[in-house]
Every structure is written in C-alpha cells, then in structure tokens.
Student: 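Here's a structure for you.
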Amino acid sequence: MAIDLQFTPAQNAFRGEVRAWMAAHVPQTPLATLEGAVGFEQHRAWERRLATGNYGCITWPTEYGGRGANLIEWLIFEEEYYRARAPLRVNQNGIFLFGPTLMEFGTPEQKARFLPKMASGDEIWAQGWSEPQAGSDLAAIRATATRDGDHYVLRGHKIWSSRAAFADWCFAIFRTDPASERHRGLTFILLPLKHEGVRVRGIRQIHGEPGFAEIFFEEARVPVANRLGAEGQGWHIAMATAGFERGLMLRSPARFQAAAQRLLKLYRRHAHEADPAVAAAVAQAWMDAESYALNTYMTASRLMAGGSIGVEASLNKIFWSELDLDLHRAAMSLLGARAELLPAAPASNDADAWLDGFIFSLAGPVYAGTNEIQRNIIAERLLGLPRGG
Ligand SMILES: Cc1cc2nc3c(=O)[nH]c(=O)nc-3n(C[C@H](O)[C@H](O)[C@H](O)COP(=O)(O)OP(=O)(O)OC[C@H]3O[C@@H](n4cnc5c(N)ncnc54)[C@H](O)[C@@H]3O)c2cc1C
C-alpha cells in the first residue's frame, strides 16, 4: 500500500500559523514547576493564553472552545508546540483524558457546563481513580457514593492524584452498589475539589513540591447531576478514558522527537568523550522517536477513516514510556556527573532539564497503568494467551 508522507498546502499553512503564534507567545523564561502553587497558576495563565489564540484544545468542536481540527492537524500542532519548547499542559488530564470522555458520555448540559471552562483554562481537572488498595487492581475500588435523594454522599480515600493539590475539579470512580464486586457497581462522578467534605492533602515529592495529592471524602455531597453516564457504568466509561490516556493524546510523538533533537545536540557537544555504546543508544532513541511519529500518523489516518483504537493502546503506552526512558538514559550517560549541576552552574547548559526529565521518565512505566499490566492485556487480548494466575 502506498503511503503519502507529504503535507498538503493547507497543512503547511496551518503549521506556519502555529509556528508564528508560538514564536510570539511562548514565555521567554521557563515557568516554575507546575507541581508547586506558583508554577501551577503560571501554567493556568498559559492555558488561558493558548485559549485566546484558540490553541487550547484544537481537536474539539468549536462550540466547546476548540477549532475542529483533525488528528493530522493536531500532530502538526504538537510538533510546533514542542519545537517552541512551550510549557507543559497543566490541564492535561482534563483536556486529553476527561474532555474526550465527556464528549462521548456526557449529557448536553454537562458538556455545555464543563467543556468550555476546561478549554479556557478556568477549571483545571485531576483524576481520582487510584486508592491505597486499588492501583493496578483498579476494580478493587472501595470509595463509596451512596444515593441520598438527588445527591450522592461520598466516603473514602483516593491517592496519587496528579496536581489535585491545586486543581479545581476531579473526575473519579466510586462504588455505588455496596453489594457489588470488582468492576460491577462502579460509577463515574465529577466533583469540585474545594468543597465541604472533600479534604485534599498534598504528597510532598523529592523536589519538595506536592505534585500528587491524597483526597479524603468525608461525607461530601454532590448532586446526582454530576454523575457521568448511568449508575454502574463507571468501569465501562473509565476504560474509554484509559484508551484516550494510553492510545493517542496523552503523549504525542512530538514530545519525544523534540527530546531526540536535544539529545543529538547534547551528543554533538560530548561526542569526543562518548563511548561508542552511547552513540548507538542515541541513534536508536532517535530512530525510535521517528518510528513512533510515523506509527502515530498511521493511527491518526486510520482513526480519521473511521477506525478505532483497541488493545493496541497498551502497545503504544509501553512504547512511549520506554522510549522516554531510553532518551533520558542516553542523556544521563553523556552528561555523567554533570547531570547533577545546578542550573546556575556555568557548565550546566541544559543539565537540570535532562535530570528532571530523567526522574520523570522513571514514572512512565507506572502511570497510565503499569507496563506489567499493559503486557498482561497484550498477552491475553492481543495474543490470546491464557490468563495468568
Ligand atoms: C507520575 C504518576 C502520576 C499518577 N497520576 C495519577 C492520577 O492523576 N490519578 C490516579 O488515580 N492515579 C495516578 N497515579 C497512580 C497510578 O495509576 C498507579 O501508581 C498505578 O496504577 C500502579 O498502582 P500502584 O501504585 O498501587 O502499584 P501496584 O498496583 O501495587 O503495583 C506494584 C507493582 O506490582 C506490579 N503488578 C501489580 N499487579 C500485577 C499483575 N497482575 N501482574 C503483573 N504485575 C503486577 C505492578 O506493575 C507494579 O510494578 C499516578 C502514578 C504516577 C507514578
């Protein structure tokens, strides 16, 4: 089958527009980390600025604050976004995971209420799925939502909720049927985080900032209107969200292609002292980033032709998380002890950004469902192997 890898004149023109907008608007000095209070608000301001250019959620319909772009345009946008080294997206769980879920399962009222404020950066969302005893085994969820008239009363404890320490809203899963087991009897509920009966406690990380939070529900009341889908449909909806998370949107190839370009630059600076094995690792990581991009263009074309993403979302998740590790491990090998230089050190160059990226890449095989779990899914549902014990 012939594959056309050329962009159309309209796509090239769109690229030019995005490039010019980013050149004019990307902050010149990097923002503070989005895992701290100051940086969180700086990143919210950046989301608002993106929205003024109508670049916040480009694939969304215009009525919800998007520009109705197709997936190829989204990939082009992402390439320009990372090329410009624009800030990380503080509302990523909202716009890439929950937004598409809401479009699929929400009522017209819910879509009108939540999507525009998500697109504008006015409401930042956190994901409340994991619990102390329910991580990989998400179906072990114990937090409950008990119906009381036209409200649910929430009780229980969520953990590892990224950016929940500062976020405004949370999409979470609760057990609504106390007699139910496993993935039955779960319900998807949207709740404000600054709300009576909702206690958010930041988890201080190694860099001192509360990038994660625990959320305690102490008889918090939320209207039944905040339920997404039907009672008991939570697992089905959550699996659709997980498909968006692992499959396409959360980690666009541009992120890794941009890192691969920076890695090449780093290599050229240190080539004279680099081990040949490191040179091979740099080349492999660059090739993998390019392969991931080509594969994603293929997936995007397939989706635009009416296809869907299934179990291969798990393959995708393993690929990008391991690619991120490989890129950063190669950089660490090139930098050696220099990786630990503080940003102010004269010889630092980009060392601190590489070290931050390396530490974060270590989490890649864990979040969005661990890679071991993705391998189980691939073994059972793609390869048809018997279930593990
Ligand atoms: C950076 C980051 C951001 C996160 N953000 C969020 C968030 O916003 N919201 C949220 O709800 N959660 C979030 N999480 C939590 C994440 O979803 C969980 O950490 C993950 O699902 C694993 O659960 P666990 O930590 O309880 O580990 P466990 O489930 O206890 O797993 C421990 C180890 O055992 C392995 N294991 C477990 N079961 C099996 C099995 N059946 N077969 C083979 N191996 C197995 C796992 O792969 C893992 O290596 C985040 C995590 C990280 C690291």
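Everything numeric in this text was worked out from a predicted model, so none of it was measured. Along the sequence shown, residues are numbered consecutively beginning with 1. For ligands, and for the atoms within them, numbers begin at 1 and follow the listed sequence.
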Student: At a 4.0 Å threshold, what atoms of ligand 1 neighbour a non-hydrogen atom of T370?
Tutor: 22 (C), 46 (C), 47 (O)
Student: Does K117 NZ have over 12 foreign heavy atoms under 6.0 Å away?
Tutor: no
Student: Nearest protein heavy-atom contact for atom 52 (C) of ligand 1: which residue, which atom, what distance?
Tutor: Y367 CB, 3.5 Å
Student: Show which atoms of ligand 1 fall inside a sub-4.0 Å distance from at least one heavy-atom site of I373.
Tutor: 38 (N), 39 (C), 40 (C), 41 (N)
Student: Got a sec: does the CD of E290 have more than 12 other heavy atoms crowding it under 6.0 Å?
Tutor: yes
Student: Closer than 4.0 Å to some heavy atom of N376 - which atoms of ligand 1 meet that?
Tutor: 40 (C), 41 (N), 42 (N), 43 (C)
Student: Below 4.0 Å from any atom of ligand 1, is there a heavy atom belonging to N93?
Tutor: yes
Student: Heavy-atom count check: over 12 atoms from other residues, nucleotides or ligands less than 6.0 Å from I206 CD1?
Tutor: no
Student: Mind checking whether W354 and H328 have parallel, tilted or perpendicular rings, split at 30° and 60°?
Tutor: perpendicular
Student: Looking at atom 5 (N) of ligand 1, what's its closest protein heavy atom, distance included?
Tutor: S162 OG, 2.8 Å
Student: Could you pull out, from G135, S136, A172, the option with a heavy atom nearest to atom 28 (P) of ligand 1?
Tutor: S136
Student: Drop me the distance from D168's CG to H195's NE2, to the nearest 0.5 angstrom.
Tutor: 14.0 Å
Student: Closer than 4.0 Å to some heavy atom of A363 - which atoms of ligand 1 meet that?
Tutor: 1 (C), 53 (C)
Student: For W160 and ligand 1, does the shortest N/O to N/O distance drop below 3.5 Å?
Tutor: yes
Student: When you compare ligand 1 with S161, is there at least one nitrogen or oxygen pair between them that comes in under 3.5 angstrom?
Tutor: no
Student: Would one find an N or O of E131, backbone or side chain, under 3.5 Å from an N or O of ligand 1?
Tutor: no
Student: In ligand 1, which numbered atoms sit nearer than 4.0 Å to a non-hydrogen atom of W129?
Tutor: 11 (O)
Student: Hey, what do you get for CZ (R269) to CG (D350), rounding to the nearest 0.5 Å?
Tutor: 7.0 Å
Student: Of Y55, Y82, W21, F14, which meets ring pair (Phe, Tyr, Trp, His ring centres under 6.0 Å) against F77?
Tutor: Y55
Student: Give me the atom names and distance for the closest heavy-atom approach of M103 to K111.
Tutor: O-NZ, 3.2 Å
Student: List the closest protein heavy-atom neighbour of atom 19 (O) of ligand 1: residue, atom name, distance to the nearest 0.1 Å.
Tutor: V366 CG1, 3.6 Å
Student: For R142, look at atom CZ and say whether over 12 heavy atoms of other residues, nucleotides or ligands are found less than 6.0 Å away.
Tutor: no
Student: Considering heavy atoms of the protein only, find what lies nearest to atom 44 (N) of ligand 1 and give residue, atom and distance to 0.1 Å.
Tutor: E372 CB, 3.5 Å
Student: Test your reading of the structure: does Q127 have an N or O sitting under 3.5 Å from an N or O of ligand 1?
Tutor: yes
Student: Could you please spell out the steps behind the side chain to side chain contact (heavy atoms under 4.5 Å, CB included) verdict for V90 and W46?
Tutor: CA-CA 9 Å; V90 70; W46 166 247; over 6 Å; no
